[in-house]
Amino acid sequence: MLPPSLSIVPASLHVEALEILLLGLCGVPKENLRVHELCLKSVPNLGSEASEIRILCDLMQPEPAWTVRHVGGSMRGAGADQISVLVRTMVESKASKNVLRLFYLLGYKLDHELLRVGFAFHFQRGAQITVTVSSYSKMLKLHATESIDDNVPVTPGIQMVEVTAPASAENYSEVAAAVSSFCEYLAPLLHLSKPGVSTGVVPTAAAAAASLMSFSGSTNM
Ligand SMILES: *[C@@H]1O[C@H](CO)[C@@H](O)[C@H](O)[C@H]1NC(C)=O
């Protein structure tokens, strides 16, 4: 059973309906997502604070493509409390495949590895919005991205839905408004919240999913 307080979608139940809804709203085809995430932590040294970085490997590309990502703290204060999205700094850089070795040399240690599988939509709607629907598995064997059977779902039967957009200090309130208003279109199926805030289940979800599914079924005939 699913804990009712999380803003997540039971995998088999509504994911297909959500995909149909997103396809209609975004007007672009979905992209499949298969990302190997390596979470590294620095060993605190000489009074410096521990830091965490993620090395991502996009497994959908013909040649694995590597990215380094650092996610900073979230914006705080009254202004941050008033908007319904989380604003945080993120630095991302493309990297070559020896990036892992570089971070080991810099004193980082591998904390855990995850395999993220799902799909994404990228489109322009008042901001450059990305919607991802994905689930995470923990990899038991080191770097075992091929043998999915050896991976253990972190949250079995649960998909995570994320809506993100890039913003700057000048335009974040505009971007936050665009993201919030897009999320309202998903309301029949799910309510999204800031990470860590629970929203409860959407009572209309089952009916909305059923009608989306039957609608798409009839257009196929
Ligand atoms: C806001 O600024 C960021 C960073 O410069 C940019 O990538 C994004 O497209 C801007 N968004 C809007 C809606 O102007």
Side-chain angles (χ1 to χ4, degrees), residues 7-9 18-40 42 49 51-97 99 102-103 106 114 116-134 136 159-197 199:
S7 63
I8 39 171
V9 197
L18 179 61
E19 192 181 323
I20 294 165
L21 179 61
L22 287 170
L23 196 62
L25 287 171
C26 309
V28 291
K30 72 165 183 181
E31 286 169 30
N32 288 319
L33 208 66
R34 191 175 167 84
V35 182
H36 178 196
E37 294 198 9
L38 299 114
C39 180
L40 278 76
S42 71
E49 274 186 48
S51 72
E52 189 181 305
I53 61 131
R54 272 168 199 271
I55 296 181
L56 314 178
C57 182
D58 183 349
L59 301 171
M60 291 305 292
Q61 303 301 319
E63 281 289 306
W66 298 84
T67 303
V68 182
R69 177 185 292 170
H70 178 266
V71 179
S74 50
M75 192 173 93
R76 288 184 212 196
D81 293 340
Q82 271 156 26
I83 52 176
S84 59
V85 302
L86 183 73
V87 180
R88 58 189 170 191
T89 54
M90 193 172 88
V91 181
E92 218 174 61
S93 175
K94 296 266 177 262
S96 58
K97 63 174 187 240
V99 62
L102 169 70
F103 278 94
L106 289 172
L114 296 168
R116 181 183 186 195
V117 177
F119 58 89
F121 288 92
H122 304 280
F123 56 98
Q124 184 75 33
R125 199 184 185 114
Q128 291 159 254
I129 298 180
T130 296
V131 182
T132 61
V133 180
S134 60
Y136 280 96
Q159 301 274 327
M160 186 173 71
V161 181
E162 271 184 309
V163 181
T164 54
S168 64
E170 288 73 40
N171 70 11
Y172 77 85
S173 53
E174 194 187 321
V175 171
V179 168
S180 308
S181 76
F182 175 77
C183 290
E184 282 172 27
Y185 288 104
L186 307 180
L189 280 181
L190 76 156
H191 288 151
L192 291 170
S193 63
K194 294 184 192 184
V197 181
T199 53

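Just so you know, ligand 1 is whichever comes first in the structure, and atom 1 is the first atom listed for that ligand.
- By the criterion of a heavy-atom distance under 4.0 Å, the side chain of Glu174, and not its backbone, is placed next to ligand 1.
- Taking a 6.0 Å sphere around CD of Gln61, one finds it holds more than 12 heavy atoms contributed by other residues, nucleotides or ligands.
- Of the protein's heavy atoms, Asn171 ND2, 2.4 Å lies nearest to atom 2 (O) of ligand 1.
- Residue contacts with ligand 1: Ala165 is excluded, as none of its non-hydrogen atoms falls under 4.0 Å.
- Looking only at heavy atoms of the protein, atom 13 (C) of ligand 1 is closest to Gly126 O, 3.2 Å.
- In this structure a side-chain-to-backbone donor-acceptor pair under 3.5 Å is present from Ser42 to Ser51.
- Looking at residues two or more places apart in sequence or on another chain, you find no side chain to side chain contact (heavy atoms under 4.5 Å, CB included) involving Ala177.
- When hydrogens are left out, the protein atom nearest atom 8 (C) of ligand 1 is Gln128 OE1, 3.7 Å; that is the closest non-hydrogen contact.
- In this structure a side-chain-to-backbone donor-acceptor pair under 3.5 Å is present from Lys194 to Ile83.
- Among all protein heavy atoms, the one lying closest to atom 5 (O) of ligand 1 is Ser168 CB, 4.0 Å.
- Classified by interplanar angle (parallel below 30°, tilted 30° to 60°, perpendicular above 60°), the ring pair Phe182/Tyr185 is tilted.
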